[in-house]
*Asks:* 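My structure is below; once you've seen it, I'll send some questions.
Only heavy atoms go into these numbers, but all of them, side chains included; no hydrogens, no water, no symmetry mates. These numbers were taken from a predicted model, which means no experiment stands behind them. Residue numbers start at 1 and run along the sequence shown.
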Amino acid sequence: MTLKSKTTAVLGLSGLAFLLIVSGSVACKKAAQEGAPAAGTAAAPAAQEGTTINEGLNEVSGTVKSALGKYFYISQLPGFDIVAAGQVDTGDASVLLGKDVKVKAVFNREKPSVLVAQSVDIKEGETQFKNVFNKTDAAVPEDYFDQKTRPDYQEIKITNVNKGEDWEGKGTGKVRGKLIPGAGGQGNAISILDEKDKEVGKIIVDNVTEYATYCMKKLRLFDTFWFYFNIKDSVDKKLRSKNKEIFHADIVFTGLY
């Protein structure tokens, strides 16, 4: 189900009073799903009832609901992604999926939606925990997408696949669409959708960061996203109309807005 169809279903439920309540709930849900802190949390974000995230080292606990590569998310900590950059036991963070964990992690207000894990312990009994990860470096990985840079990625509006000025020279951008197989089943492409969900063009995907892939997995209930990317070479004009492919790009983030 697309984001647009989900929104339409919600709008049909009732009148304005109910919509005001729902809109607040959806905003909070989106912030939690996308790893972005809710408004008003910059000073000392409330992560869960009885828990406040402060500058420096924090101890948090919860159940891992989504994990990929070095990133994971616990439902009791809405608004934050946790990064365990390095080996987690004998695999990556996906080995934590579904586990109850206790995490010591560093919070830096300059990177307001990510916690850098210093240790991860998995619950193995009523009171027993097994340590599976330790690190002393609090640096945020290079592939992490800083939410503060979102305004730098303006929407690319495609008016014609042969109108290169729609995207050339802009460097970065974002579009609403779906990730689909590339031409001939090779690689991936972004199918760019307009307001009526009609395809207006395709972007050839050369690379997807691990963080962007993790964000897509976290938003598994949706198949339409906003893709944030770095724009690369344009497809030759003679080839654009064949597959509607217009340029190459590297995806750095995916979200619901």
*Asks:* Tell me whether the NZ or CZ atom of K65 lies within the 45° cone about the ring axis of Y73 and under 6.0 Å from its centre.
*Replies:* no
*Asks:* For Y71, which residues count as a ring-ring contact (aromatic ring centres under 6.0 Å, His included) partner, sequence neighbours excluded?
*Replies:* Y211, Y214
*Asks:* Taking atom types as modelled and ignoring hydrogens, do the side chains of D166 and T159 form a donor-acceptor contact shorter than 3.5 angstrom?
*Replies:* yes
*Asks:* Does F72 share a hydrophobic cluster with F107, counting links as ILVMFWY side-chain heavy atoms below 4.5 Å and allowing steps through other members?
*Replies:* yes
*Asks:* Determine whether more than 12 heavy atoms belonging to other residues, nucleotides or ligands lie under 6.0 Å from atom NZ of K135.
*Replies:* yes
*Asks:* State, with a plain yes or no, whether a side-chain heavy atom of Y144 is found less than 4.5 Å away from one of V83.
*Replies:* no
*Asks:* For K130, is the NZ atom crowded, meaning more than 12 foreign heavy atoms sit under 6.0 Å from it?
*Replies:* no
*Asks:* Going by heavy atoms in the side chains, are K102 and E59 under 4.5 Å from each other?
*Replies:* yes
*Asks:* Does the ring of F247 carry R240 above it, NZ/CZ under 6.0 angstrom from centre and within 45° of its axis?
*Replies:* no
*Asks:* Strictly distance-based, threshold 3.5 Å: is any side-chain N or O of T254 a donor or acceptor partner for the main-chain N or O of A212?
*Replies:* yes
*Asks:* Do N134 and S119 have side-chain atoms, one donor and one acceptor, less than 3.5 Å apart?
*Replies:* no
*Asks:* Quick one: do R176 and E155 make a salt bridge, cutoff under 4.0 Å?
*Replies:* no
*Asks:* Donor-acceptor check, side chain of Q128 to backbone of K123, threshold 3.5 angstrom: yes or no?
*Replies:* no
*Asks:* Hydrogens and angles aside, do D233 and H248 bring a side-chain donor and acceptor to less than 3.5 Å of each other?
*Replies:* no
*Asks:* Does the side chain of S234 pick up a donor-acceptor pair with the side chain of E168 at under 3.5 Å?
*Replies:* yes
*Asks:* Give the intermediate values and the outcome of salt bridge (Lys or Arg N to Asp or Glu O under 4.0 Å) for residues D206 and K232.
*Replies:* CA-CA 9 Å; D206 289 343; K232 299 169 71 177; 3.1 Å; yes
*Asks:* I'd like to check the ring-ring contact (aromatic ring centres under 6.0 Å, His included) partners of F225; sequence neighbours left out, ordered by chain and number.
*Replies:* F227
*Asks:* Using modelled atom types and a 3.5 Å cut-off, is there a donor and acceptor pairing between side-chain atoms of T172 and backbone atoms of Y228?
*Replies:* no
*Asks:* For D121, what residues pass the side chain to side chain donor-acceptor pair (under 3.5 Å) criterion, not counting sequence neighbours?
*Replies:* N131
